Every structure is written in structure tokens, then in C-alpha cells.
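Here's the structure, in C-alpha cells; my notes come after.
Quick note: residue numbers are just sequence positions, from 1. These numbers come from a predicted model, not from an experiment.
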Amino acid sequence: MLHTTITELYASQRAIFKRIVTMSFAFAGMYWFLIYGIALGSAASDAHSVAQTLRAGQTLIYFILLFVWGLDYFREQQRMHVIIDLASARSVPPDHITRTDVEDRLHLFSVFTPSTRTRFAWVVPMVNIVGLSVSTVLICLQWLKGVQYLVR
């Protein structure tokens, strides 16, 4: 458990981030049921091309989602590394490390909003916001394309 001043920095934003990533992966994954349901319901000669057309946009969605998820995992590892190193150097438990102790590394604790006013503090939050937005739009477009095939 981390000190409350540390968890206030990013815990609620990270929970929202994780929920959005999880839901995005779920909707992208459920789309495969639609793809193969449509492909199996199509004429045998047409099934392969229908499935191939519907699968075309999935790769980019997974690439974006895996990128933002991996970036978050890397930053969480960096955050914990900083806290553990400070705790080890001071011979205290990690839950005794406060916000003032990590003041020079606050940029690691930004998920959607920058924690500091440093030069590049907005880069990772912008990557997270743009990545999640683009993947959500692409997922919606994929589902729209799938529903259009169902209506035909």
C-alpha cells in the first residue's frame, strides 16, 4: 500500500484508464464473434472475403491498445522502482514515501493530466488520451461495418 499523497496523484485516473483499456479490449475481442458469425452465415465462396474484409481494421486497434497498455505498465514499473529505491535508501517501508519525496519525478505519476509543469509532462497524458480515443473510434467503425454486413 502506498502513502495517500502518492495514491492521490494517479490512482483514480489509472483506475479509469484501466477500465477503458479493458472495455476496449473486450469490445474489440467480441467483434471476432461477429466476424466469424457473419462469415459462417455467408455463402461458402463469399465467406473468406467477408471475414477478411471485417478483420482488416482489427490489427491497428490491437496495436494502439497494446501500446498504451504497455506504456502504462512501463510507467507503473518506473513509479514503483522510484518508490522502492527511495524507501531502501531511507530504510523505511514504501508506504512512508510521500509526494514531497518524489517531487522531482512527478511526471511519472501522470495518466490523463500532467502532474507537473515541466517541459514534456503533457506527452504521456496526450498519448493516452489520443490512443484511447482513436482506438474507441476505430472499434465503433469496425462494429458499424459488421452491423452493415448483418443488415444486408
Distance in Å, Q78 CD paired with M80 CE, rounded so as to fall on 0.5 Å steps: 11.0 Å

Heavy-atom pair of closest approach, residues A121 and P114: O-CB, 3.7 Å

Ring geometry between Y62 and W32 (parallel below 30°, tilted from 30 to 60°, perpendicular above 60°): parallel

Reported CZ-to-OG distance for the pair F27 and S135, which is rounded to 0.5 angstrom: 12.0 Å

N-O pairing of R99 and E8 below 4.0 Å: no

Distance-minimising heavy-atom pair for I61 and A28: CG2-CB, 4.0 Å

Any donor-acceptor pair under 3.5 Å from R75 side chain to H107 backbone: yes

W143/Y31 aromatic ring centres below 6.0 Å: yes

Value rounded to 0.5 Å, distance of CD1 in I6 from CD1 in I83: 4.5 Å

Polar side-chain atom of N128 near backbone of V111 as donor-acceptor pair, under 3.5 Å: yes

Minimum heavy-atom distance between F112 and P125, given as atom pair plus value: O-CB, 3.3 Å

K145-Q142 side chain donor-acceptor pair, cut-off 3.5 Å: yes

Distance, nearest 0.5 Å, that separates NE2 of H81 from CG of D85: 4.0 Å

Side chain proximity check, L2 to Y10, heavy atoms < 4.5 angstrom: yes

Exercise: identify the closest heavy-atom pair between L108 and R79: O-NH1, 2.5 Å

Same apolar cluster (I L V M F W Y, side chains within < 4.5 Å links), I84/L9: no

Euclidean distance, I16 CD1 relative to L132 CG, rounded to 0.5 Å: 11.5 Å

V147 with L54, same ILVMFWY side-chain cluster at under 4.5 Å: no

NZ/NE/NH1/NH2 to OD/OE distance under 4.0 Å, K18 and D72: no

Residues R90, D101; criterion side-chain contact (heavy atoms from CB on, under 4.5 Å); working and verdict: CA-CA 11 Å; R90 296 179 182 177; D101 298 325; 2.6 Å; yes

For the student: nearest non-hydrogen atoms of H3 and I97, plus distance: CB-O, 3.1 Å

Rounded distance (nearest 0.5 Å) linking atom OG of S133 with atom CD1 of I64: 10.5 Å

Same apolar cluster (I L V M F W Y, side chains within < 4.5 Å links), F67/W122: yes

Shared hydrophobic cluster, F109 / F120 (ILVMFWY, side-chain heavy atoms < 4.5 Å): yes

Close side-chain approach of M23 and I20, heavy atoms under 4.5 Å: no

Minimal non-hydrogen separation, V68 against F17, with atom names: O-CZ, 3.5 Å

hydrophobic_cluster_shared for V124 and L66, side chain cutoff 4.5 Å: yes

